[in-house]
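For clarity, every value in this text was computed on a predicted model and none was experimentally measured. Counting convention: from 1, in listed order, for ligands and their atoms alike.
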Amino acid sequence: MLRGFVIAGLLLNISLVPHASAQSLADESGRQLYMRFCASCHGPTGNGDGPVGSQLEVMVPNLTGLSRRYGDRFNQAQMREIIDGRASVIAHGTRTMPVWGYEFWVDEGADMEAEAAVRTIVDKLIAYIRSLQT
Ligand code: HEC
């Protein structure tokens, strides 16, 4: 009886510990996230000249001219959709860029909290890319 109680307590404790909070990607800066996940293709300065990008058959876009390309404004919602990718992949099929919304979600533990972390991570990436606009 007592033993069952202790075990239940232990399980409860474990489930109450927020997962991976110390190493959550959501704690990294936009620049850190960019360097870790995006620079290999889009280049360290966003010019589209990353080492992996040059191996691809498709052109990797330069991310520093998005405001100009999209008519002098930086569209936050559109950026979110492109980077997250989960909605557009369902709508349009395949793409070359990884579906980051899914990648980050899995990385953060694939649960409800992970969904919130994905939002934070993508927000930071958007803010960082915005700061790269020339
Ligand atoms: C494997 C290479 C690769 C990586 C890594 C990558 N991208 Fe991309 N990205 C692409 C390609 C290629 C495209 C063009 C669309 C396509 O073919 O999928 C693209 C398109 C984009 C666009 C749309 C640009 C436009 O002109 O509308 C944005 C924004 C973007 N990427 C942001 C990111 C961010 C943020 C990351 C990191 C989280 C990232 N990318 C990582 C290859 C990559």
Side-chain angles (χ1 to χ4, degrees):
M1 172 66 187
L2 184 64
R3 203 163 150 229
F5 217 68
V6 169
I7 289 170
L10 276 176
L11 289 176
L12 192 69
N13 246 327
I14 290 163
S15 66
L16 286 177
V17 174
H19 74 266
S21 60
Q23 307 112 349
S24 172
L25 292 171
D27 293 335
E28 294 194 8
S29 73
R31 186 183 154 76
Q32 282 175 311
L33 290 164
Y34 179 85
M35 289 303 170
R36 188 198 288 253
F37 295 107
C38 321
S40 59
C41 283
H42 290 283
T45 58
N47 284 329
D49 57 355
V52 174
S54 61
Q55 314 289 313
L56 299 174
E57 279 175 25
V58 298
M59 269 267 293
V60 175
N62 179 328
L63 297 181
T64 67
L66 295 174
S67 295
R68 271 180 285 132
R69 183 137 33 97
Y70 291 117
D72 245 1
R73 65 201 185 102
F74 190 85
N75 187 327
Q76 194 104 356
Q78 182 189 25
M79 277 300 115
R80 176 179 303 287
E81 228 172 76
I82 292 171
I83 297 168
D84 185 304
R86 287 176 292 185
S88 50
V89 162
I90 290 165
H92 309 297
T94 57
R95 67 175 194 174
T96 303
M97 183 159 76
V99 180
W100 294 110
Y102 185 69
E103 303 274 331
F104 295 145
W105 184 69
V106 169
D107 215 285
E108 294 294 305
D111 58 12
M112 295 261 285
E113 279 169 51
E115 195 54 46
V118 169
R119 204 174 164 88
T120 305
I121 295 164
V122 174
D123 278 344
K124 287 183 176 180
L125 283 165
I126 293 172
Y128 183 68
I129 291 173
R130 179 174 224 153
S131 77
L132 296 178
Q133 299 312 298
T134 51

With distance as the sole test, does Arg69 use its side chain to make a donor-acceptor pair with the main-chain N or O of Asn62 at under 3.5 Å?
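Yes: the side chain of Arg69 pairs with the backbone of Asn62.
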Test item: Glu108 side-chain N/O and Ser24 main-chain N/O as donor-acceptor pair under 3.5 Å:
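Not at all, since once roles are kept as given, no pair shorter than 3.5 Å links the two residues.
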Do Ile129 and Val52 share a hydrophobic cluster, counting only Ile, Leu, Val, Met, Phe, Trp and Tyr and linking them when any side-chain heavy atoms are less than 4.5 Å apart?
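No: no chain of side-chain contacts under 4.5 Å links Ile129 to Val52.
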Please tabulate, line by line, the atom pairs linking an N/O of ligand 1 to a protein N/O at a distance below 3.5 Å, with the distance in Å to 0.1, or answer 'none'.
from	atom 1	to	atom 2	distance (Å)
ligand 1	7 (N)	His42	NE2	2.8
ligand 1	9 (N)	His42	NE2	2.9
ligand 1	18 (O)	Thr96	N	3.1
ligand 1	18 (O)	Met97	N	3.0
ligand 1	26 (O)	Arg69	NH1	2.6
ligand 1	27 (O)	Tyr70	OH	2.4
ligand 1	31 (N)	His42	NE2	2.9
ligand 1	40 (N)	His42	NE2	2.8

Does one side chain, of Ser67 or Arg130, offer a donor that lies under 3.5 Å from an acceptor on the other?
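Note: Ser67 and Arg130 side chains miss the donor-acceptor criterion.
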Can you classify the ring geometry of Tyr128 versus Tyr34 as parallel (below 30°), tilted (30 to 60°) or perpendicular (above 60°)?
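The arrangement is tilted - the two ring planes meet at 30° to 60°.
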Do the non-hydrogen side-chain atoms of Thr45 and Thr64 ever get within less than 4.5 Å of each other?
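No, side chains not in contact.
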